Protein chains: 2
Amino acid sequence: MPAPITEAQTRLDREALLDTAERLFYAHGIQAVGMDRVREASGLPLKRIYRLFATKEDLVVAVLRRRDRRWRASLTAYVESVADPRERVLAVFDWLAAWFAEPGFRGCAWINAHGELGSSSEPVLAEVRSHKRAFHDQLTAWVRATGAPVAEAVHLLAEGAIVTAGVHTDPAAARHARAAVERLLGDRR
Amino acid sequence: MPAPITEAQTRLDREALLDTAERLFYAHGIQAVGMDRVREASGLPLKRIYRLFATKEDLVVAVLRRRDRRWRASLTAYVESVADPRERVLAVFDWLAAWFAEPGFRGCAWINAHGELGSSSEPVLAEVRSHKRAFHDQLTAWVRATGAPVAEAVHLLAEGAIVTAGVHTDPAAARHARAAVERLLGDRR
DNA sequence: ATCGATGGAGAACGCTCGTTCTCGACCTAG
DNA sequence: CTAGGTCGAGAACGAGCGTTCTCCATCGAT
């Protein structure tokens with residue numbers, strides 16, 4: 001075999017491609033970013049891109065999946081560094097507040113993808129639902145540990161804060177949600 | 001002047017066009033529905049469509065604006081038919097539950113539009129924000145009438161229920177939100 | 001009856017998209 | 001050194017988009 005294509009290089013290119021695609025898709029929307037724009041920004045030849053991901057849809061799903069892994073890992077690391085169960089739940093909303101305040105914050109990537117492709121791409125829809133369910137389950141476990149039967153309420157407050165912050169590009173929603181959760185968990189202590 | 005084009009006919013065509021466009025945009029997404037599909041489904045010549053709305057963007061904004069008027073009017077009529085302030089706020093979530101259970105429910109049209117066009121169309125973004133702000137303000141007024149300082153919490157619960165029901169096509173979110181609001185407003189009575 | 005403006009039907013335009021193909025350069029195995 | 005496979009660069013393709021234009025039938029005013 002003549003020209004080499006190491007497996008290590010493949011992994012590197014794959015990650016670089018996902019980095020580029022995630023940044024562009026999140027900033028401008030998925031449908032608004034063509035594959036040629038991804039090629040230009042990533043520096044990878046179109047041919048290689050299509051060998052890494054057979055279709056744009058595959059690329060989109062891979063972007064969402066990796067982002068889900070990282071997003072939830074970051075949240076979990078932050079939240080579980082807190083010991084007290086009640087404070088843990090409140091820490092979720094501190095983490096959300098920091099996320100909303102990041103430069104370039106443009107709402108929830110999964111909600112945005114759902115609005116764009118939820119009705120035309122089954123794999124994307126499945127990925128969105130999978131992410132939302134995982135977030136719900138993770139959050140529910142933390143809330144249950146406090147003993148208060150308010151898991152669904154806390155989850156809806158979190159989702160409401162995420163979508164509201166996204167639409168108005170305003171981190172205030174995280175503060176409001178946090179205050180409501182404090183009330184639900186009981187004011188004392 | 002030879003051929004007639006009455007103002008009454010213009011209004012009729014306009015409404016029929018908005019009906020068709022709203023139905024198609026909501027069911028399949030805005031970007032997924034071309035103007036030719038709108039023409040075919042509405043039965044109106046393309047020429048007339050473009051005389052009624054100079055661009056697709058104008059049509060989209062008009063669809064969202066009329067839907068906003070109807071959506072909030074329907075909500076208000078339902079809620080204000082209830083006398084007691086506390087029951088009024090709970091009625092919001094009964095109305096949401098009925099909406100979520102409608103056949104063809106595919107989430108919040110404004111959140112979906114935001115995901116599709118929020119980063120590429122300033123007029124659409126403005127329309128989405130206007131709708132969300134109006135809903136927030138209306139809801140806040142109803143909650144304030146109960147005397148409980150939980151307006152922001154109730155609003156976030158409503159938004160969370162809307163987005164969650166949209167993603168999972170599951171009306172259960174309305175029940176969970178309603179239960180949380182009952183708790184926030186005080187269990188007694 | 002004739003003229004001229006208008007409206008409808010749909011072709012056409014220019015562009016962009018996702019995806020594939022062409023082709024020349026290069027590298028390695030023999 | 002040669003041969004053959006692979007790769008990168010970018011052209012090409014077919015489809016679909018939003019929008020505009022062409023053309024003819026139609027109708028009111030004269």
Side-chain angles (χ1 to χ4, degrees), chain A residues 1-14 16-18 20-22 24-25 27-64 113 115-117 119-124, chain B residues 1-14 16-18 20-22 24-25 27-64 113 115-117 119-124:
Chain A
M1 277 127 211
I5 170 180
T6 75
E7 192 178 329
Q9 187 61 44
T10 297
R11 269 195 300 266
L12 284 177
D13 286 352
R14 208 184 139 91
L17 176 56
L18 288 172
T20 302
E22 179 175 350
L24 292 178
F25 290 162
H28 307 104
I30 294 167
Q31 314 217 62
V33 174
M35 291 300 276
D36 210 62
R37 186 116 165 259
V38 173
R39 176 199 57 80
E40 175 192 323
S42 69
L44 272 66
L46 217 44
K47 210 171 177 179
R48 187 186 276 273
I49 293 178
Y50 274 95
R51 197 136 358 97
L52 292 167
F53 300 96
T55 66
K56 185 184 185 181
E57 188 177 58
D58 287 351
L59 174 60
V60 170
V61 169
V63 163
L64 290 178
E116 278 200 81
L117 303 169
S119 55
S120 58
S121 167
E122 197 58 51
V124 168
Chain B
M1 280 129 211
I5 170 180
T6 75
E7 191 176 332
Q9 188 60 45
T10 297
R11 268 195 300 266
L12 284 178
D13 286 351
R14 206 183 141 92
L17 176 57
L18 289 172
T20 301
E22 179 175 350
L24 292 177
F25 290 163
H28 307 104
I30 295 168
Q31 313 217 64
V33 174
M35 291 299 277
D36 209 61
R37 185 113 165 260
V38 173
R39 174 199 59 79
E40 175 192 323
S42 69
L44 276 79
L46 219 43
K47 208 170 176 178
R48 186 185 276 274
I49 293 178
Y50 274 95
R51 196 133 4 93
L52 292 167
F53 300 96
T55 66
K56 185 183 186 181
E57 188 177 57
D58 288 350
L59 174 61
V60 170
V61 169
V63 163
L64 291 178
E116 278 201 81
L117 303 169
S119 54
S120 58
S121 166
E122 198 58 51
V124 169

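The structure presented is a predicted model; accordingly, all values stated were derived computationally and were not measured.
Once rounded to the nearest 0.5 Å, the distance linking OH of B/Tyr50 with NZ of B/Lys56 reads 8.0 Å. Rounded to the nearest 0.5 Å, atoms CG (B/Leu117) and CD (B/Glu122) are 12.0 Å apart.
Judged as a salt bridge (charged side-chain N to carboxylate O under 4.0 Å, His left out), and not counting sequence neighbours, the contacts of A/Arg11 are A/Glu7. Residues that satisfy the side chain to side chain contact (heavy atoms under 4.5 Å, CB included) test with B/Glu57, not counting sequence neighbours, are B/Thr55, B/Ser121, B/Pro123. With sequence neighbours excluded, no residue forms a side chain to side chain donor-acceptor pair (under 3.5 Å) with B/Arg14. When the side chain to side chain donor-acceptor pair (under 3.5 Å) test is applied to B/Glu40, no partner is found at least two apart in sequence or on another chain. Contacts of A/Asp36 classified as salt bridge (charged side-chain N to carboxylate O under 4.0 Å, His left out), with partners at least two apart in sequence or in another chain: A/Arg39. B/Glu22 meets the side chain to side chain donor-acceptor pair (under 3.5 Å) test with B/Arg66, B/Arg67; sequence neighbours excluded. Contacts of B/Thr20 classified as side chain to side chain donor-acceptor pair (under 3.5 Å), with partners at least two apart in sequence or in another chain: none.
Note: CG (B/Leu52) to P (C/dG8) measures 10 Å, nearest angstrom. If you take CD of B/Glu57 and P of D/dG18, they are 12 Å apart, rounded to a whole angstrom.
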Under a cut-off of 3.5 Å for both distances of each Watson-Crick or G-U pair, what dot-bracket string does DNA chain C give, using [ ] for crossing pairs and | for inter-strand pairs?
||||||||||||||||||||||||||||||
Tabulate protein N/O versus nucleotide N/O from nucleotides 8-10 of chain D, keeping only pairs under 3.5 Å, one per line.
from, atom 1, to, atom 2, distance (Å)
D/dG8, OP1, A/Arg48, NE, 3.3
D/dG8, OP1, A/Arg48, NH2, 3.1
D/dG8, O6, A/Lys47, NZ, 2.6

Any protein N or O atoms within reach of nucleotides 16-18 of chain C? Criterion: under 3.5 Å, listing atom names and distances.
from, atom 1, to, atom 2, distance (Å)
C/dG18, OP1, A/Lys56, NZ, 2.4
C/dG18, OP2, A/Met35, N, 2.6

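Summarising the geometry of A/Met35 relative to A/Leu46, their closest heavy-atom pair is O-CD1, 4.0 Å, with the distance given to 0.1 Å.
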